[in-house]
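Step one of this worksheet: look at the structure below.
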Amino acid sequence: MIDQRSQAIEIEALDKWYGHFQVLRNIDLNVTQGERIVVCGPSGSGKSTLIRCVNRLEEHQRGSIRVNGIVLNDSVKNLDAIRREVGMVFQHFNLFPHLTVKENCALPQILSRQKKRADAEALAMHFLEKVRIPEQADKYPGQLSGGQQQRVAIARALCMTPKIMLFDEPTSALDPEMVKEVLDTMVALAEEGMTMIVVTHEMGFARKVADRVVFMEAGEIVEANDPETFFNAPDSARTRNFLSNIMH
Amino acid sequence: MSTLNMDAVGALPNPSLPPRRTRKSFVQLLFGDLVSACLTVAVGALLLSMVPVLNWAVFDAIWTTNDPAACSQGGACWAFIVAKFRFIIFGTYPPDEQWRPLLVMGIILAMILGSLSPRLWGARLIYLWVFAVVVMLVLMAGGVFGLEPVSTSKWGGLPITLLLALLSLGLGFPFAIFLALGRRSNLPIARMLSVLTIELVRGLPLVGLLFVASILLPLLLPAGWSIDKLGRTLAALTIFAAAYLAEVIRGGLQGVPSGQVEAAKALGIPGWKAVAHIVLPQALQKVIPPLTNTAIVMVKNTSLVLIVGVFDMLSASRVAATDPMWPAPFVESYVFVALIYFVICFGISHYARWLESRVQARSYR
Ligand SMILES: Nc1ncnc2c1ncn2[C@@H]1O[C@H](COP(=O)(O)OP(=O)(O)OP(=O)(O)O)[C@@H](O)[C@H]1O
Ligand SMILES: [Mg+2]
């Protein structure tokens, strides 16, 4: 029991198909509280699908997922509880373009937590300060740079006070000069002890922050190791091959 | 031309300034190339051909007279409009009570002006509108607060046009949202009902729908039930507006990327709240131009109610023109009514343009 509590995410024998195409094959992955996992792998290997299964943006067909001890099944109550625990940041930000930055952060709290507007806005400003863009609060997302938008998206997710954060290639839609500001924000978050699963090809970030690096290929987890081993002496030949491809 | 350009390039006075715009002369603008020249000549010819119209409408026109016979000179008889103004505007509404429809129009104008700014949109404004509509209907119908009862068969003119347009769009809009959402829903029954309603209504001409509502509906209703003619007409206009608006809104819904719904889900926003606060506002913003178009068409469609005997502004003007005292000034009547329609529709389209520019301003860097 105590052991279970320390687990943030437990994924067991997970299988998922799109039609007849199997995207995820027998995935086992446990993430303990405060652990930072970086997931990498070639395009189409199922990285996004895997983390999207955790908060049921995609439904899995076999196996089990538990988040902070809550079983992810057809129960709406459980799903709501899990989505309370889990925040998500998307590759393309997915900010609400018709709302100002501040409203983007405040409205979800009002709609899903029944918070008072004043409280919601105060928390919104708190996290906007944390991602260092409080001065943009009254602008619309379309008026910000990509890096700023992604930081707003992180602030918006943090406003829901999640215990776990999922990142799906948060920097790959950004111009190179904006990658750093977003990664810095994520590093700061990691230093505060947030449990994180980050799909990314930023290997510098993985080395610096990750407790474990997971390599996926063709819907399978090929290797999961601490960054030291992963980058310097990977177990699998496939990992080695992948690494040599992305690190010129 | 070309030497001017050469100079501008050759001198390069200050590279940090944008190059000076070379301005074309007036003659160059009108006759600079073949297409412009042809267009200029064509427009000129058109303007010349308008001279007789201008003579009729302005120079030969009779503006004021108490003697209808004075109007048989060949010029426009605006005196007729002046004389029949109250009838065209208020129809057969009892003259002593015409302050009531006048007040109703005042309320409509005030409410519309008060609702223009999107900053004020919200639940409270909707309650205010519901209240305003009740007040307006009470004012028109009377029978309470010492107001003399006036049956709907006596209502007429511009207030009827405005009320029909406003109510059919106002009631049709929420209905259209349900139809549009229903058409995209995963529930087969909801989808089928929406598709059926939309396709059925769109497949019928409005005239047919008005006939169905005014003649067939009373026969279909169980004995003892009745809805008055104005109510039936309004029902037909509403469902017609709803079907067309629904298709416009559906187009907007399709344009909202799936990432928006995913973000809302990931944030734990309940489904229907996500639709109301995240998806719908974006969908509607995307379809402001076609929504405007539908609104304008519906305003003008209200004039069709005259074929089922509802006495709108167009009917009133036609009846006015048949007065044997006057030399059948139909054209003047129609021009006058057209002018009122134009003012309304132009206002709507101008407002929509302003709304759109607001939306666009938000996406500028
Ligand atoms: N909705 C869908 N329907 C059918 N196939 C899908 C769907 N979504 C993803 N796929 C397929 O599933 C596979 C895994 O997709 P996924 O997005 O998880 O890959 P990924 O590892 O995140 O790749 P990338 O690095 O390009 O983001 C891909 O082959 C993709 O074509
Ligand atoms: Mg992906």
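Protein chains get the first letters and strands the later ones, always in sequence-line order, with residue 1 at the start of each.
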Over 12 non-hydrogen atoms of neighbours within 6.0 angstrom of [atom1] in [X]:
{"X": "A:K180", "atom1": "NZ", "answer": "no"}
{"X": "B:W354", "atom1": "CH2", "answer": "yes"}
{"X": "B:L113", "atom1": "CG", "answer": "yes"}
{"X": "B:Y341", "atom1": "OH", "answer": "yes"}
{"X": "B:R358", "atom1": "CZ", "answer": "yes"}
{"X": "B:H350", "atom1": "NE2", "answer": "no"}
{"X": "A:Y18", "atom1": "OH", "answer": "yes"}
{"X": "A:E12", "atom1": "CD", "answer": "no"}

Sidechain-backbone polar pair: A:N55 side chain, B:A266 backbone, donor-acceptor under 3.5 Å
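No, A:N55 side chain to B:A266 backbone: no donor-acceptor pair under 3.5 Å.
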
- Query: Is there a donor-acceptor contact under 3.5 Å from the side chain of A:H98 to the main chain of B:H277?
  - Reply: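 Pair found, side chain donor or acceptor close to backbone of B:H277.
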
Between [X] and [Y], what is the shortest heavy-atom contact and its length?
{"X": "B:K273", "Y": "A:L111", "value": "NZ-O, 2.9 Å"}
{"X": "B:Q260", "Y": "A:P97", "value": "OE1-CD, 3.5 Å"}
{"X": "B:G259", "Y": "A:N94", "value": "O-ND2, 3.1 Å"}
{"X": "B:L267", "Y": "A:M160", "value": "O-CE, 3.3 Å"}
{"X": "B:G268", "Y": "A:S112", "value": "O-CB, 3.0 Å"}

- B:I278 side chain near A:L107 side chain, heavy-atom distance below 4.5 Å: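 In short, these two side chains touch, coming nearer than 4.5 Å.
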
Side chain / backbone / both / neither for [X] at chain B, heavy atoms under 4.5 Å:
{"X": "A:H92", "answer": "neither"}
{"X": "A:R52", "answer": "side chain"}
{"X": "A:F96", "answer": "both"}
{"X": "A:L95", "answer": "backbone"}

| Hey, what do you get for CG (A:L57) to OG (B:S258), rounding to the nearest 0.5 Å? |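 With rounding to 0.5 Å, CG (A:L57) is 10.0 Å from OG (B:S258).
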
Point to revise | Members of residues 72-88 of chain A whose heavy atoms come closer than 4.5 Å to chain B | key: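 Interface residues of residues 72-88 of chain A: A:R83, A:V86, A:M88.
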
* To do: Identify which of A:Y140, A:F93, A:F90 forms the greatest number of heavy-atom pairs closer than 4.5 Å to chain B.
  =>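 Ranked by contacts with chain B, first place is A:Y140.
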
Answer with side chain, backbone, both or neither: which region of B:Q285 has an atom nearer than 4.5 Å to a non-hydrogen atom of chain A?
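For B:Q285, the side chain is the part near chain A, not the backbone.
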
